[in-house]
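For reference, positions follow the sequence shown, starting with 1. Both ligands and their constituent atoms are indexed starting at 1 by order of listing.
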Amino acid sequence: MIDISYSPEVAAARDTGTPLVALESTIITHGMPFPQNVETARQVEETVRAAGAVPATIAVIGGRLHIGLTGDELDALGQATGVAKLSRADFAACIAAGGTGATTVAATMIAARLAGIAVFATGGIGGVHRGAESSFDISADLRELAQTPVTVVAAGAKAILDLPKTLEVLETFGVPVIAYGQDALPAFWSRDSGLPAPLRMDSAAAIARAHVMRGAMGIPGGQLVANPVPEADEIPKAEMDRIVEIALAEAAATHVSGKAVTPFLLDRIYHLTEGRSLEANIALVLNNARLAAEIAQHIAASGDISAR
Ligand code: PSU
Ligand code: MN
């Protein structure tokens, strides 16, 4: 069995049965610039606590899987250079080799399941990239949602992706895509992608019930909750589309590929929007943390012990 390093706060929550919310670390190391990355990570943790759950930020440090980071560990990770971006393919290899790495949505889901954590909050998931018909670039996050029983709260898929294709793949994989409180699928920085979401739910309790029912029926995989960015912080889709086009053209011109694509685009969009994309990103992550904490409490209250 793998030796997991629980932070004191997470260990205490496990002892008392307090609901936990998993948080990823790639958003810290590859998704936002320093120091906003560390500040945001702390605010996200605080938001989860204020909403009645305990945050468990997940990362691999020196070959040990950490579920919950101390303040010092979070600081160090946020400033470290050359941290690996870990997904399903390289997660075990990094631990086995004694390495240090940040977990993507896929790897964080795997870790959450190992620790018995049912709910995970992030910004946006990876998906089908534009031009995937020739590049075959489809995030491992989608397949993970198909097989690992964790409810992931995101703000939809990033507008840098091909959203219709992302929805098609999620449908093929049998992943419930649930818009929270509206009919439209949100598009990360914008509230409305222009696409209808396959499912809509208006309360954390309803999302928790669907999670528990899926487990009871023995259907593998998780749920994707798409929670729209707060109105005050959104960047309208028409405006974002222009910026995304420029960033994509730059990515093509520099021949960036593989796991470098998403961090490259996020960084370019940050500069092209003069920091506004980051403000929206921070606001939506905090919003997702709040909803995830609520869902975690409802799942815990349901007495579902297969996943807290
Ligand atoms: N959402 C963000 N910032 C990020 C990511 C998501 O706001 O940095 C990360 C997540 O960790 C996600 C990953 O799992 O990007 C997807 O990467 P890829 O497209 O290479 O699978
Ligand atoms: Mn990819």
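Set against the non-hydrogen atoms of His129, the atoms of ligand 1 under 4.0 Å away are 19 (O). Taking every heavy atom of Thr104 and a limit of under 4.0 angstrom, the matching atoms of ligand 1 come to 11 (O), 14 (O). Residue contact check: Leu266 has heavy atoms under 4.0 Å from atoms 3 (N), 4 (C), 8 (O) of ligand 1. Distances below 4.0 Å separate heavy atoms of Gly31 from the following atoms of ligand 1: 8 (O). Which parts of ligand 1 touch Thr262 is read off a 4.0 Å heavy-atom cut-off, strictly below it: atoms 15 (O), 17 (O), 18 (P), 19 (O), 20 (O).
Judged by distance alone, the side chain of Lys85 and the main-chain N or O of Lys259 form a donor-acceptor pair under 3.5 Å. With hydrogens and angles ignored, the 3.5 Å screen pairs a side-chain donor or acceptor of Asp141 with a backbone N or O of Ala106.
Looking at ligand 1, you'll find an N or O of Val105 within less than 3.5 Å of one of its N or O atoms.
Under 3.5 Å, the side chains of Gln36 and Thr40 contain no donor-acceptor pair of N or O atoms. Gln223 and Thr151 are linked by a side-chain donor-acceptor pair at a separation below 3.5 angstrom, with hydrogens and angles left out of the test. Under the 3.5 Å distance criterion, with hydrogens and angles disregarded, no donor-acceptor pair is assigned to the side chains of Thr70 and Ser7. Remark: the Glu24 side chain and the Thr122 side chain contain an N/O donor-acceptor pair separated by less than 3.5 Å.
In terms of protein heavy atoms, atom 7 (O) of ligand 1 is closest to Phe188 CZ, 3.2 Å. Here the protein heavy atom with the shortest distance to atom 11 (O) of ligand 1 is Glu24 OE1, 2.6 Å. What sits closest to atom 20 (O) of ligand 1 on the protein, heavy atoms only, is Lys85 NZ, 2.7 Å. Given atom 5 (C) of ligand 1, the protein heavy atom at minimum distance is Lys158 NZ, 3.4 Å.
Among Ser139, Ala102, Pro263, Ala154, the residue whose heavy atom lies nearest to atom 21 (O) of ligand 1 is Ser139. Considering each of Ala260, Ser277, Gly124, the one bringing a non-hydrogen atom nearest atom 6 (C) of ligand 1 is Gly124. Distances from atom 12 (C) of ligand 1 to the heavy atoms of Asp141, Val285, Thr26 show the closest one on Asp141.
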Query raised in the report: Would Arg49 and Glu45 count as a salt bridge (Lys or Arg N to Asp or Glu O under 4.0 Å) if you check the C-alpha gap in whole Å, the side-chain angles of each, and the deciding distance to 0.1 Å?
Result: CA-CA 6 Å; Arg49 288 185 194 106; Glu45 291 196 342; 3.4 Å; yes

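Within 6.0 Å of atom CZ in Arg113, 12 or fewer heavy atoms from other residues, nucleotides or ligands are found, so the atom counts as exposed in its surroundings.
Between Arg64 and Asp3, at least one side-chain nitrogen of the basic residue sits less than 4.0 Å from a carboxylate oxygen of the acidic one, meeting the salt-bridge criterion. Note on Arg276 versus Glu279: no salt bridge recorded, every NZ/NE/NH1/NH2 to OD/OE distance being 4.0 Å or above.
For Asp137, the N, O or S atom with the smallest separation from the Mn ion (ligand 2) is OD1.
Looking at Asn281 against ligand 1, only its side chain comes within 4.0 Å, counting heavy atoms.
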